[in-house]
Every structure is written in C-alpha cells, then in structure tokens.
Amino acid sequence: MKKLVLTVLGVCLFVVAAPACTNFIVGKKASVDGSVICTYNADSYGMFQDLCHFPAGKHAQGEMRKVYDWDTGVYHGQIPEAAVTYNVVGNINEYQVTIGETTYGGREEMVDSTGILDYGSLIYITLQRSRSAREAISIMTSLAETYGYNSEGETFTICDANEAWIMEMMGCAADRRASKERVVWVALRVPDDVICGHANQSRIGKFNMKDKKNVLYSKNVVSYARKNGWFTGKDADFSWKMAYAKPDFMGRRICDARVWSFFNRFKSGMDRYLPWALGKDPSAEDMPLWVVPDRKLSVQDVEAAMRDHFEGTPLALDGDVAQGNWDSPYRPTPLTFEVDGKKYFNERPTSTQQTGFSYVSQMRSWLPREIGGVIWWGNDDGNMVAYTPVYCSMTERPECYNTPGADAVTFSEKNAFWVCNWVSNMVYPRYSQMFPSLAAVRDSLERSYFEAQPQIESRVLDLYQSDKAAAVRLLNDYSVEKAQQMLARWRQLALYLIVKYNDMAVKPEKDGKFLRTETGIGATVGRPGYSEYARKALVRETGDKFLMPEE
C-alpha cells in the first residue's frame with residue numbers, strides 16, 4: 001500500500017499525524033514590510049515528511065484523481081481532476097496561496113466516515129487549484145460539500161499576498177445529516193492590522209452573519225446545530241466553538257495557551273486573558289480571536305514566536321525537577337500522567353520535540369508572484385533549525401528535503417530531518433550546556449539568509465523583465481543552494497557538539513579551534529556540573545545525604 005500511495009502522490013510522504021499543531025497569522029498591515037505571514041508546526045511522534053512538490057499540469061476531460069488519506073495512506077475514492085493545476089511546493093503554490101491547519105477534533109459524532117476528502121488531501125488538492133485565498137475557500141468548501149469530509153474538526157489558515165482567513169470545518173455524519181448535507185463550516189477574514197492564531201482548539205465564536213464580505217459560512221451552520229440539540233438561541237447569539245467544540249481545560253491550557261503566549265509577545269495587557277490560558281477558572285474571560293499588536297512584526301519576529309517555551313510567563317518550563325540537570329524546556333510525552341491515582345499534565349509550548357516540519361510563509365503583493373512567495377522551511381522543531389528560503393515557484397527540490405531512501409525508520413546523513421534530529425536529540429537533555437552552540441549556528445545562518453534576500457531578489461527582478469524562466473531558475477537554484485549549505489553546516493555542528501561536550505565535560509577552544517597542550521594532547525576540559533537550579537533542587541530533596549563533613 002505504501003509503495004502505491006507514494007507512486008500516486010509521488011512527492012509527499014504520508015505521516016501519522018496527531019492533533020498537535022500550531023498556526024500563527026499576521027495581517028499585511030501588522031507586518032513591517034506589508035507581507036502577509038502565516039506559520040505551521042506539523043507535530044506528531046514518528047512523523048517524517050519531505051518538502052512536498054506537486055508540479056503544474058494540464059489534465060484531460062474525464063481524468064480522475066485518486067484520493068488517499070494524508071495521515072494513513074488509506075484509499076478513500078476518486079474525484080474529477082481539474083483541467084489546470086498549479087505548482088505547489090510545501091504548503092504554498094505559485095500564486096502565493098498558503099494553507100495550514102490544526103486539528104481540534106470537536107464532536108466525534110460529526111465525523112463523516114463516508115467522505116472522500118480528509119483535511120490533508122483537501123489542503124493539497126486546493127493548493128493545486130486556487131489563485132487566491134477566497135478562491136481556495138470556495139474550492140475547499142465546494143469539494144467537501146460534494147464529496148464529503150472524512151476528518152475531525154479542523155481549523156485552516158488560508159492566506160495569499162493580500163488577505164488572511166481562518167476557516168473551521170466539520171463533517172456531517174451520515175446518520176445526523178439531511179439528504180444533501182455533507183459538511184458545516186465558517187470562514188472569517190482576518191483584519192489586516194491584527195495577529196491571529198490557533199493550536200488545536202476551535203477559535204471562532206460568534207460571527208457577524210450580515211457581513212458578506214468578510215464572513216463566509218455554510219447554509220446549515222446554525223441549523224445543523226439546532227437539529228442536533230446543540231444550540232437553541234437566536235442566530236445572532238450562535239457561537240461556532242460553543243456549539244461544535246466547546247473549550248475544556250485541555251483545550252485552553254494545552255492549546256489556547258500557545259496562542260496566548262504568541263499574543264503576549266506582541267500585545268500589552270494580555271495578563272487579562274491569562275486565567276483563560278491557565279484553564280482552571282470556568283468563569284475566565286474568553287481570549288479574543290485576534291489582537292492588534294503593539295508593533296509591527298517581521299518574519300524574524302514570527303520565527304522567534306515559533307521557538308517559544310512560555311519564557312517569562314507563569315507557564316514557563318523552569319523551576320521544577322522536570323527541567324533536569326541542564327534546564328531543558330522540553331517534556332516527555334504523553335501530555336498527561338498519573339501519580340497515586342491523580343492525573344497531571346505537562347505544559348505544551350509552541351516549540352516541541354515532535355515537530356516533523358515547520359515553516360513561516362511570507363507572501364508579498366508588490367512583487368511578481370513567482371518571487372513574492374517564500375516559505376522559510378525547517379525539517380524539525382523550529383527552535384532547533386535554521387529556516388531556509390523556499391520560493392513558491394520552485395520546481396526542483398534540494399536533496400536534503402527530498403532524500404531517496406530516507407524515511408521515518410531509515411537514517412540518512414543526506415537528509416535534513418535526520419541530521420537536524422541528530423543534533424537536537426543531543427541537545428535536548430543537556431539544553432543549557434549545549435543549546436548556545438546550536439543557537440549561534442542557527443542565528444548566523446538565518447542572518448545570512450535575510451541579509452542576502454534583497455540582493456538575490458533584486459537580481460531576479462532585473463532578470464525577470466527579460467527572461468522570466470531564467471529568473472525562476474535562479475531562485476530555484478538559490479533555494480537549493482541555501483538548503484544544502486544548511487545541511488552541510490548542521491553536519492559540522494553535530495561533529496562539533498560530540499567533541500566539545502563529550503562525557504558531560506566541555507573542551508576549551510579559542511578562535512574556533514580546540515586547544516591543545518604544549519605536547520599536543522587535548523587541553524584540560526571544563527566540568528561545569530549541575531545547573532544552579534539542579535544543585536539546589538538536589539540538596540532540597542536529599543538534605544544532608546550528600547553533605548561533606550567538615551574537616
């Protein structure tokens with residue numbers, strides 16, 4: 001089955017996904033340069049995915065497309081192919097349309113097991129057919145209404161170079177729907193001057209049904225809830241999430257807390273909504289769907305937000321024994337555990353070890369579409385990678401993001417996922433000791449990318465006027481070059497870390513070289529021992545067990 005699936009899609013390895021993703025959204029008037037920006041963390045243990053690519057194409061009338069579930073590879077059925085399809089790389093297409101998602105689940109009884117389209121297939125099919133965010137919404141909803149939606153509740157981020165939208169969708173189970181009902185959905189245009197986010201909890205509450213320009217919804221959006229006894233009030237009082245996916249403790253603390261932390265970075269006064277994010281106060285004020293930031297955000301700001309561990313907030317992952325000997329902000333899974341019959345939980349920050357791929361998509365209306373759209377891409381936890389530029393017109397992928405033979409159980413030193421994970425898994429348990437070395441390489445690489453961006457795009461723009469194909473080729477080659485350079489630098493980093501921090505000691509160096517004695521052997525190593533917190537925590541727990549007697 002796996003070989004068949006990969007033959008049919010060819011360009012996108014299937015994964016086993018879990019509801020553990022994050023999307024942040026920045027309107028064009030909320031960004032420093034007028035870009036629309038959106039992000040995606042695809043999180044799931046065991047997840048492995050290349051940088052997807054679907055080439056543009058023309059298709060004969062009557063040609064059918066087979067649909068396989070994006071998570072599992074199970075065959076669902078087939079739908080008519082579009083006459084023309086567009087180039088897609090990652091989650092962006094050649095028209096700068098970007099689509100991401102997070103799964104919130106919602107009412108299990110709404111899942112339509114008879115539907116052909118799951119959330120992942122719907123995303124990539126729509127990217128191949130749409131030239132704007134609005135057109136993408138129309139295509140997604142029309143496909144789901146025609147062929148059925150075979151997934152749990154989903155929040156979609158749908159953006160282009162001018163607009164950003166948030167859409168939520170659920171299926172209409174066969175035993176609960178009217179004859180023509182297949183799906184229920186609502187989509188809101190994100191105002192240009194705000195930031196927005198979602199992280200596996202339904203976020204859309206009440207919405208203005210009279211605003212036909214900025215609010216779109218299925219005809220049955222209220223009636224389906226009424227029919228099933230989930231809503232009884234006036235249409236104007238209808239709240240999507242309260243009817244279909246009411247937030248509980250986990251939805252607030254484990255999911256909305258990620259969004260709260262994103263808002264809190266860029267908007268003052270977010271302490272007001274901290275009780276909502278903490279999840280334990282049933283009367284807490286609900287957090288808004290979006291906020292106007294105190295300042296405009298850059299791509300670098302958004303990348304930093306994807307690396308968040310609740311630093312400096314009441315949810316910060318420090319000050320307890322779980323941080324280990326070297327202050328790690330990462331926690332083992334599952335999210336919950338039991339002690340003496342009581343259930344406990346781990347915090348769930350945006351940056352997490354199970355991220356399979358992460359991106360920050362930048363869409364710019366003032367540039368030709370082939371140049372304006374770029375996904376800053378990484379094949380691991382966003383905190384542990386250097387995001388490299390991948391332009392939306394790209395048709396040939398770098399080997400490191402599309403490595404023959406590499407998969408979830410096959411390591412390859414030519415593959416970015418595996419080399420990045422090799423490094424990050426050395427760093428996780430010895431975070432405060434080793435992470436500064438990783439961050440220095442990461443930040444140096446990213447600074448070089450952003451410094452080079454104006455120059456390379458200026459060259460491409462000049463060439464674009466006379467030879468569009470050559471300009472696109474130049475961008476493609478540039479994207480490949482930067483990705484492969486990153487991989488080479490990350491392999492160097494892996495070797496450096498094993499030498500520098502071998503056996504929990506630290507080898508001294510100067511001017512980038514490890515020091516030696518006059519006789520040529522390695523210089524005496526440093527032995528920093530426990531972090532300050534770990535030392536004090538050990539003494540608190542053990543008392544005088546390890547106290548040395550006075551002599």
Problem set entry | Trace of the ring pair (Phe, Tyr, Trp, His ring centres under 6.0 Å) decision for Y387 with Y359 | CA-CA 7 Å; Y387 289 107; Y359 67 69; 9.0 Å; no

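- Using a distance-only test at 3.5 Å, with no hydrogens or angles considered, a donor-acceptor pair links the side chain of N93 to the main chain of V97.
- Counting heavy atoms from C-beta on, the side chains of F357 and Y40 come closer than 4.5 Å.
- S393 places a side-chain N or O within donor-acceptor distance of the main-chain N or O of E370, the cut-off being under 3.5 Å.
- Between E163 and R189, at least one side-chain nitrogen of the basic residue sits less than 4.0 Å from a carboxylate oxygen of the acidic one, meeting the salt-bridge criterion.
- Contact of the D160 side chain with the V36 side chain is not registered, since no non-hydrogen atoms from C-beta on lie closer than 4.5 Å.
- The shortest distance between side-chain heavy atoms of T39 and V302 falls below 4.5 Å.
- A pairwise comparison of heavy atoms in F262 and A305 identifies CD1-CB, 3.7 Å as the closest pair.
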Problem set entry | Derivation of the ring pair (Phe, Tyr, Trp, His ring centres under 6.0 Å) call for Y86 and F54 | CA-CA 8 Å; Y86 309 122; F54 298 88; over 10 Å; no

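- When side chains are defined from C-beta on, L463 does not count as touching V460, because their heavy atoms never get closer than 4.5 Å.
- Just one residue in the list L289, I204, T157 forms a side-chain contact (heavy atoms from CB on, under 4.5 Å) with H198, and that residue is T157.
- K66 has its side chain out of reach of I79: every pair of non-hydrogen atoms, C-beta onward, lies at least 4.5 Å apart.
- I116 approaches Q78 most closely through the heavy-atom pair CD1-O, 3.9 Å.
- The shortest side-chain heavy-atom distance between I166 and T155 falls under the 4.5 Å cut-off.
- Crowding of R176 atom CZ: a count of heavy atoms from other residues, nucleotides or ligands under 6.0 Å exceeding 12.
- Test E135, E81, E94 against R129 for salt bridge (Lys or Arg N to Asp or Glu O under 4.0 Å) and you get one pass: E81.
- Across all their heavy atoms, G120 and W70 have their closest contact at CA-CB, 3.6 Å.
- W185 and E145 share a donor-acceptor pair across their side chains, judged by distance under 3.5 Å alone.
- In the model, R442 has a side-chain atom that pairs as donor or acceptor with a side-chain atom of N383 under 3.5 Å.
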For this session: Evaluate side chain to side chain contact (heavy atoms under 4.5 Å, CB included) for R489 paired with Q484, printing each intermediate quantity in order.
Result: CA-CA 9 Å; R489 185 65 185 89; Q484 293 300 133; over 6 Å; no

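- Salt-bridge check for R182 with D112: passed, with a basic side-chain N closer than 4.0 Å to an acidic carboxylate O.
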Exercise. Under the side chain to side chain contact (heavy atoms under 4.5 Å, CB included) criterion, do Q485 and W490 qualify, and how do the steps go?
Worked result: CA-CA 9 Å; Q485 284 180 350; W490 229 252; over 6 Å; no

Problem set entry | Pair V423-M384, side chain to side chain contact (heavy atoms under 4.5 Å, CB included): steps then yes or no | CA-CA 8 Å; V423 169; M384 297 287 184; over 6 Å; no

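- Here the side chain of D308 pairs no donor or acceptor atom with the backbone of A304 at under 3.5 angstrom.
- Remark: the Y391 side chain and the E457 side chain contain an N/O donor-acceptor pair separated by less than 3.5 Å.
- Side-chain atoms of S351 and R307 form no donor-acceptor pair, as typed in the model, at a separation below 3.5 Å.
- Counting only distance, with no hydrogens or angles, the side chain of D407 and the backbone of T410 share a donor-acceptor pair below 3.5 Å.
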Problem set entry | Criterion side chain to side chain donor-acceptor pair (under 3.5 Å) on Y119 and E154, from CA distance to verdict | CA-CA 7 Å; Y119 75 93; E154 202 78 26; 5.5 Å; no

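- Using modelled atom types, one finds a donor on one side chain and an acceptor on the other under 3.5 Å when comparing D43 with T355.
- In this structure, Q455 places its CD atom where more than 12 heavy-atom neighbours from other residues, nucleotides or ligands lie under 6.0 Å away.
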For this session: For F238 and W230, run ring pair (Phe, Tyr, Trp, His ring centres under 6.0 Å): C-alpha distance rounded to whole Å, both residues' side-chain angles, the deciding distance at 0.1 Å, then the answer.
Result: CA-CA 10 Å; F238 178 76; W230 302 328; over 10 Å; no

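- With Y401 as reference, T388 is the one residue of N415, T388, N379 to meet the side-chain hydrogen bond (donor to acceptor under 3.5 Å, both in side chains) rule.
- Taking all atoms of both residues into account, the shortest heavy-atom contact from H59 to A82 is CD2-O, 3.1 Å.
- At distances below 3.5 Å, at least one donor-acceptor pair connects side-chain atoms of D301 with backbone N or O atoms of S298.
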Exercise. Between E413 and R491, does a salt bridge (Lys or Arg N to Asp or Glu O under 4.0 Å) hold up when you go through it step by step?
Worked result: CA-CA 8 Å; E413 65 177 15; R491 284 200 296 252; 5.5 Å; no

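- Formation of a donor-acceptor pair under 3.5 Å by the T403 side chain with backbone atoms of E399 is found in this model.
- When all heavy atoms are compared, the tightest approach of Y104 to M170 is OH-CG, 3.2 Å.
- Between S121 and D118, the side chains place a donor N or O and an acceptor N or O closer than 3.5 Å (distance only, hydrogens not considered).
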For this session: Check the pair F207, W240 against ring pair (Phe, Tyr, Trp, His ring centres under 6.0 Å), reporting the backbone distance first and the verdict last.
Result: CA-CA 8 Å; F207 51 93; W240 170 278; 7.6 Å; no

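- A distance-only check finds a donor-acceptor pair linking the side chain of K212 to the backbone of M209 [under 3.5 Å].
- Put simply, the side chain of S31 gets close to the backbone of G34: a donor and an acceptor are under 3.5 Å apart.
- Between the S35 side chain and the R364 main chain, no donor and acceptor come within less than 3.5 Å of each other.
- At distances below 3.5 Å, at least one donor-acceptor pair connects side-chain atoms of S448 with backbone N or O atoms of L445.
- If you run side-chain contact (heavy atoms from CB on, under 4.5 Å) between C255 and each of R348, M250, R203, only R348 comes through.
- Taking the ring centre of Y244 as origin, the terminal cationic atom of R107 falls outside the region bounded by 6.0 Å and 45° from the ring axis.
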Exercise. Do D381 and S424 pass the side chain to side chain donor-acceptor pair (under 3.5 Å) test, and can you show the C-alpha distance, the side-chain angles, and the key distance before you say yes or no?
Worked result: CA-CA 8 Å; D381 168 15; S424 60; over 6 Å; no

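- Remark: the N91 side chain and the T98 side chain contain no N/O donor-acceptor pair separated by less than 3.5 Å.
- In terms of heavy-atom proximity, F156 sits nearest to I123 at CE2-CG1, 3.8 Å.
- Side-chain contact of S479 with N476: a donor-acceptor pair under 3.5 Å is absent, judged by distance alone.
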For this session: Please test Y449 against R447 for side chain to side chain contact (heavy atoms under 4.5 Å, CB included), starting from the C-alpha separation and ending with a verdict.
Result: CA-CA 5 Å; Y449 304 150; R447 280 195 300 271; over 6 Å; no

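- Looking only at side-chain heavy atoms (C-beta outward), S365 and R369 stay at 4.5 Å or farther from each other.
- Ion pairing between a basic and an acidic side chain is recognised when a charged N comes within 4.0 Å of a carboxylate O; E181 and K227 show such pairing.
- Side chains of T103 and E152: no donor on one and acceptor on the other come within 3.5 Å.
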